[in-house]
Novice: 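After the structure tokens below, expect a handful of questions from me.
In listed order, ligands and their atoms are each counted from 1. All of these numbers come straight from a predicted model, not from anything done at the bench.
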Amino acid sequence: MAHPSKELTLVVFKPDAVQRGIIGEITARFERAGLKIVGAKMLQPSADHYYHHYETIGKLISRRGQKAFDSIANFMQSGPVIALVLEGVEAVGLVRKLTGATEPKAALPGTIRGDYAHTSFAHADKFDVGVPNLIHASSDPEEAKAEIAHWFSESEIFDYETAHDKFTQPLK
Ligand code: ADP
């Protein structure tokens, strides 16, 4: 379990990030910010798993439509992904900030999507593929809880002390 003053959040490296070989570079950005990796694994989930992730939890069909759901669900199943659970102070919002806007075209320089991707929804839609924007990151603490429970069992989440922990505890 996370320290009571800290949050857990889910990051999933999408097939484009895995196939481009930039997992290390992107993970380094999270580590550099002091976020702690408390869970990590590679997997290639089923259509059902992604339905639960994007629709049951993420309500993607009502937010963005059936076509967007179908294209991202297909894209995610096209290859293995790497899932991480990160822990830190207000980690959910921090990871979204580091990740940047959903559409790479709109993502600011300095963010992961802004620095490592550039395509648009319009371009992705022409080819009926989910926009390749490298990572999924939980959008709020409630969604993070549901997503982590969906992707990880309790025994796959680890509790250990890092050097950063020392500096984010209340001073004695
Ligand atoms: P986020 O991943 O930033 O939380 P959403 O949950 O709204 O964004 O969308 C989930 C994923 O679906 C996006 O990351 C993106 O890869 C894909 N997606 C969303 N809308 C579209 C679209 N109009 N065309 C192509 N792909 C889309």
Novice: With clusters built from Ile, Leu, Val, Met, Phe, Trp and Tyr whose side-chain heavy atoms come within less than 4.5 Å, directly or transitively, what are the remaining members of the cluster of Phe127, listed by chain and number?
Specialist: Val129
Novice: Parallel, tilted or perpendicular, judged at 30° and 60°: which one describes the rings of Trp151 and Tyr50?
Specialist: perpendicular
Novice: Can you list every pair that meets salt bridge (charged side-chain N to carboxylate O under 4.0 Å, His left out) and has a residue in residues 24-37, with sequence neighbours left out?
Specialist: Arg29-Asp115, Lys36-Asp165
Novice: Going by side-chain heavy atoms closer than 4.5 Å, which hydrophobic residues are tied to Phe121, directly or by a chain of links?
Specialist: Val131
Novice: When the ring planes of His136 and Tyr54 are compared, do they come out parallel, tilted or perpendicular, using 30° and 60° as the limits?
Specialist: perpendicular
Novice: Taking atom types as modelled and ignoring hydrogens, do the side chains of Ser138 and Glu147 form a donor-acceptor contact shorter than 3.5 angstrom?
Specialist: yes
Novice: Given a heavy-atom cut-off of 4.0 Å, could you list the residues near ligand 1 in chain and number order?
Specialist: Lys14, Tyr54, Leu60, Arg63, Arg64, Ala68, Ile72, Arg96, Thr102, Arg113, Phe121, Asp125, Val129, Gly130, Val131, Asn133
